[in-house]
Amino acid sequence: MLKLTNTLTGNLEPFSPDNGNTVRMYTCGPTVYDFAHIGNLRTFVFEDILRRHLRGKGWTLKHVMNITDIDDKIINKAIEAGQDIKTYTAPYTEAFFKDCETLRIERPDIVTPATDYIPEMIDLVGRLIQSGYAYPEGESIYYRISRFPSYGRLSRLEKRELKLGARIDVDEYEKEEPRDFVLWKAPKHEKEPRWEAPFGTGRPGWHIECSAMAMKQLGETLDIHCGGVDNIFPHHENEIAQSEAVTGKPFARFWIHGEHLLVEGEKMAKSKGNFYTLRDLIDRGYDPLAIRYLLVSVPYRKQLNFTFEGLDAARSSLDRIKEFLFRLKSSKFKPGRNPAISAVLTTARKQLDAALDDDLNTAQALAAVFGLIKEGNIALTEDALEEENRSEILQWFEVVEQRLGIVPTVEALVQVDEKVGSLIAQRNEARRNRDFAKADRIRQELLDLDVIIEDTREGTKWRRK
RNA sequence: GGCGCCGUACCCAAGUGGUAAGGGAGAGGUCUGCAAAACCUUUAUGCAUCGGUUCGAAUCCGAUCGGCGCCUCCA
């Protein structure tokens, strides 16, 4: 049984979809004013693990994600660049999809830019005005928080006291109460994009896009709504206020939040010089799979301290998996099925499922994988692993890949290559003749081709570096 | 100031009352013509500190110290 920590209650709760077999999930997507950084990507990887596991449970998943393509930052940057927002955001949107693909993050079923939902947002704002939850002030429309008594439930606002001065109203707009938030913003700049609405020309506030898109695509009550912890307040709190004021129904049954990533123990910030995008790391020669592995290795509710040392360790861990698969795929086995090995596999299989069911405990899930690898290696060395064991283990690794997305591909490593084959044959000929100088020359030659060879009992194996 | 999370070996990290998973690194070994790689073995009488509850605590309670986050830009 899958259990997830629900921010709404603060408890670990059993999860299943509300009606039928379909899980309706919404995740807050990126704001495309720049390339995504690894902190952003950590959250998307966590959501990816969640979606992979939900599907692994046999449920049908309908997963919706927005792309925020209109907000203050984007407008300012687009104006600076002399472009409209579509033109400005297009390359960053593309880059985001590319980064996700590079990190094996599966694409949500529906992913659309906020500006595709303007009519739905206008409709929501109109209904909020009609029911008294929203009011005009100046040329803009605000949400009246005093009308929504349960405001603050998600972030436990009722228990908070505000730091003196922390809530100084820096917004240039006037409002009835400082904590009221904007639903519809009047244009401030000539070149600012704007839409006509019954309540005035303007553009949507940030929070309304998620309410509009989520309810349009998934209905009035979602099964799961995800995001980073920083979105609990105010973003998700405001989404709840807007949506529930309109529908009178709970907006989401489960709120699930991913903790932040730190870099070298500090919050990542451009000013600190510890700000990395995926491209930055790839440019430094890191394998994207190692980056994903690192992001997966720490469960989502714990802050993840990103370090290059950690990234190197992730790469080494991945090598261990790769070596094991290489051994399985490149060796010959006697027919049959060793029940002892099958039992080990059964244990690993159960451990993986149980770990993910337990609030997506990815650290435990990886331990299950390595547990099998250790036993598998011992069996391989003792020649106790048989043909059917090999195939059932390889099949399980496909499941591991489906759930975690961290299994290295080995096919490319064992492909047939005539040139390499011929060099290896020549080297073995030299070794048989005890001409080790020549053998070592050929080994170097292969190394120059990025080919690593290993002399084993079963002959010389090779793989690409 | 308020709210919340966290502190487990050299590093990362699991573990929510029954006697410390897993990975990396280090050390030793096996294999090898030599290497390299790989594989195996090994590494915390102790889980920030102090006190308490209990037959029993990393796990529960209290206090202290330290780190991080949020309190309308933020994944």
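Lettering follows sequence order; numbering is per chain, from 1. Because the structure is predicted, anything quoted here is derived from the model rather than measured.
- Applying the Watson-Crick and G-U wobble criteria (two distances, each under 3.5 Å), B:C5 pairs with B:G67.
- Each of B:A75, B:C71, B:C12 was ranked by its minimum atom distance to the side chain of A:F233; first place goes to B:C71.
- In this model, no donor atom of one side chain and acceptor atom of the other lie less than 3.5 Å apart for A:E80 and A:N76.
- Side-chain N/O atoms of A:R443 and base N/O atoms of B:A35 include a donor-acceptor pair closer than 3.5 Å.
- Remark: B:A37 base-pairs with no nucleotide in the shown strands. Criterion, Watson-Crick or G-U wobble with two distances under 3.5 Å.
- For A:V298, counting side-chain heavy atoms from C-beta on, the closest listed nucleotide (B:C68, B:A13, B:U72) is B:A13.
- Between A:N361 and B:G15 there is a side-chain polar atom (N or O) within less than 4.0 angstrom of OP1 or OP2.
- Residues A:H207 and A:H236 have side chains that never bring a donor and an acceptor to within less than 3.5 angstrom of each other.
- To the nearest whole angstrom, the two C1' atoms, one in B:G66 and one in B:A48, are 8 Å apart.
- Using a 4.0 Å heavy-atom distance criterion, A:P299 is classed as a sugar-phosphate-only contact.
- Put simply, the side chain of A:K374 and the base of B:C39 share no donor and acceptor less than 3.5 Å apart.
- In this model, no side-chain donor or acceptor of A:D312 finds a partner on the base of B:A25 within 3.5 Å.
- Summarising the geometry, the separation between CG on A:L318 and P on B:G22 is reported as 19 Å, rounded to the nearest angstrom.
- One P atom belongs to B:U53, the other to B:U72, and the distance between them is 44 Å to the nearest Å.
- The nucleotide B:A57 finds no pairing partner, because no Watson-Crick or G-U wobble arrangement with both distances shorter than 3.5 Å includes it.
- What separates CG of A:L385 from P of B:C40 is a distance of 13 Å, to the nearest Å.
- Base-pair partner of B:G46: not found among the strands shown (Watson-Crick or G-U wobble, both distances under 3.5 Å).
- Closest-nucleotide positions on RNA chain B for A:I38 and A:L294 were compared, and the one nearer the 5' end corresponds to A:L294.
- Spacing between B:G29 and B:C55 at atom P, rounded to whole Å, works out to 50 Å.
- Here the separation of B:C50 from B:A13, taken at their C1' atoms, is 27 Å to the nearest Å.
- Within the nucleic acid shown, A:G265 comes within 4.0 Å of sugar-phosphate atoms alone, with no base atom in reach, counting heavy atoms only.
- Atom P of B:U41 sits at a distance of 23 Å from the matching atom of B:A9, rounded to the whole Å.
- Of the side-chain N and O atoms in A:T307, none sit less than 4.0 angstrom from OP1 or OP2 of B:C12.
- Backbone-only contact: A:I378 has heavy atoms under 4.0 Å from sugar-phosphate atoms and none from a base.
- Rounded to whole Å, atom P of B:A21 lies 20 Å from atom CG of A:L352.
- Side-chain contact between A:L50 and A:L4: present, with at least one pair of heavy atoms (C-beta onward) separated by less than 4.5 Å.
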> Yes or no on ring-ring contact (aromatic ring centres under 6.0 Å, His included) for A:H225 and A:F254, after CA distance, side-chain angles and deciding distance?
Replying inline: CA-CA 6 Å; A:H225 193 311; A:F254 279 74; over 10 Å; no

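- Comparing the same atom, P, in B:C70 and in B:C10 gives a spacing of 31 Å after rounding to whole Å.
- Distances shorter than 4.0 Å separate none of the side-chain N or O atoms of A:K302 from OP1 or OP2 on B:C12.
- For A:F370 and B:G22, the ring-to-base geometry does not satisfy the stacking test (centroid distance below 5.5 Å, interplanar angle below 30°).
- Across the strands present, B:C31 finds no partner; the criterion is a Watson-Crick or G-U wobble pair with both atom distances under 3.5 angstrom.
- Distance A:N231 CG to B:G69 P: 16 Å, rounded to the nearest Å.
- B:C73 is unpaired under the Watson-Crick or G-U wobble criterion, no partner having all donor-acceptor distances under 3.5 Å.
- Spacing between atom NE2 of A:H235 and atom P of B:G69 amounts to 22 Å, rounded to whole angstrom units.
- Nucleic acid contact for A:G39: base, since at least one base atom lies under 4.0 Å from a heavy atom of the residue.
- Side chain A:D440 to base B:G33: a donor-acceptor pair is found below 3.5 Å.
- Of the candidates A:T460, A:D455, A:N433, A:N428 forms a side-chain hydrogen bond (donor to acceptor under 3.5 Å, both in side chains) with just one, namely A:T460.
- Between the CD atom of A:E375 and the C1' atom of B:U41 there is a distance of 14 Å, given to the nearest Å.
- Using a 4.0 Å heavy-atom criterion, one finds that A:H37 contacts the bases of the nucleic acid, with or without backbone contacts as well.
- Candidate nucleotides B:G33, B:A14, B:A38 were compared by shortest atom distance to the side chain of A:R431, and B:G33 ranks first.
- Taking atom C1' in both B:G69 and B:G22, one finds a spacing of 28 Å when rounded to whole Å.
- Of the listed nucleotides (B:G33, B:U72, B:G15), B:G33 has the atom at the smallest distance from the side chain of A:A439.
- With the nearest nucleotide of RNA chain B identified for both A:N377 and A:S316, A:S316 has the one nearer the 5' end.
- As rounded to the nearest Å, B:A20 and B:U16 have C1' atoms that lie 14 Å from one another.
- Close placement of the A:F44 and A:F96 rings is indicated, their centers lying within 6.0 Å of each other.
- Residues A:Y92 and A:Y33 place their aromatic rings such that the two centres sit no closer than 6.0 Å.
- With hydrogens and angles left out, the side-chain atoms of A:N305 and A:T307 include no donor and acceptor closer than 3.5 Å.
- Within 4.0 Å of A:Q364, counting heavy atoms only, lies at least one base atom of the nucleic acid.
- Close to B:G23, at under 4.0 Å from its OP1 or OP2, lies a side-chain N or O of A:R320.
- Candidate nucleotides B:G22, B:A75, B:C74 were compared by shortest atom distance to the side chain of A:A367, and B:G22 ranks first.
- Base pairing annotation: B:U16 forms no Watson-Crick or G-U wobble pair, as no partner gives both donor-acceptor distances under 3.5 Å.
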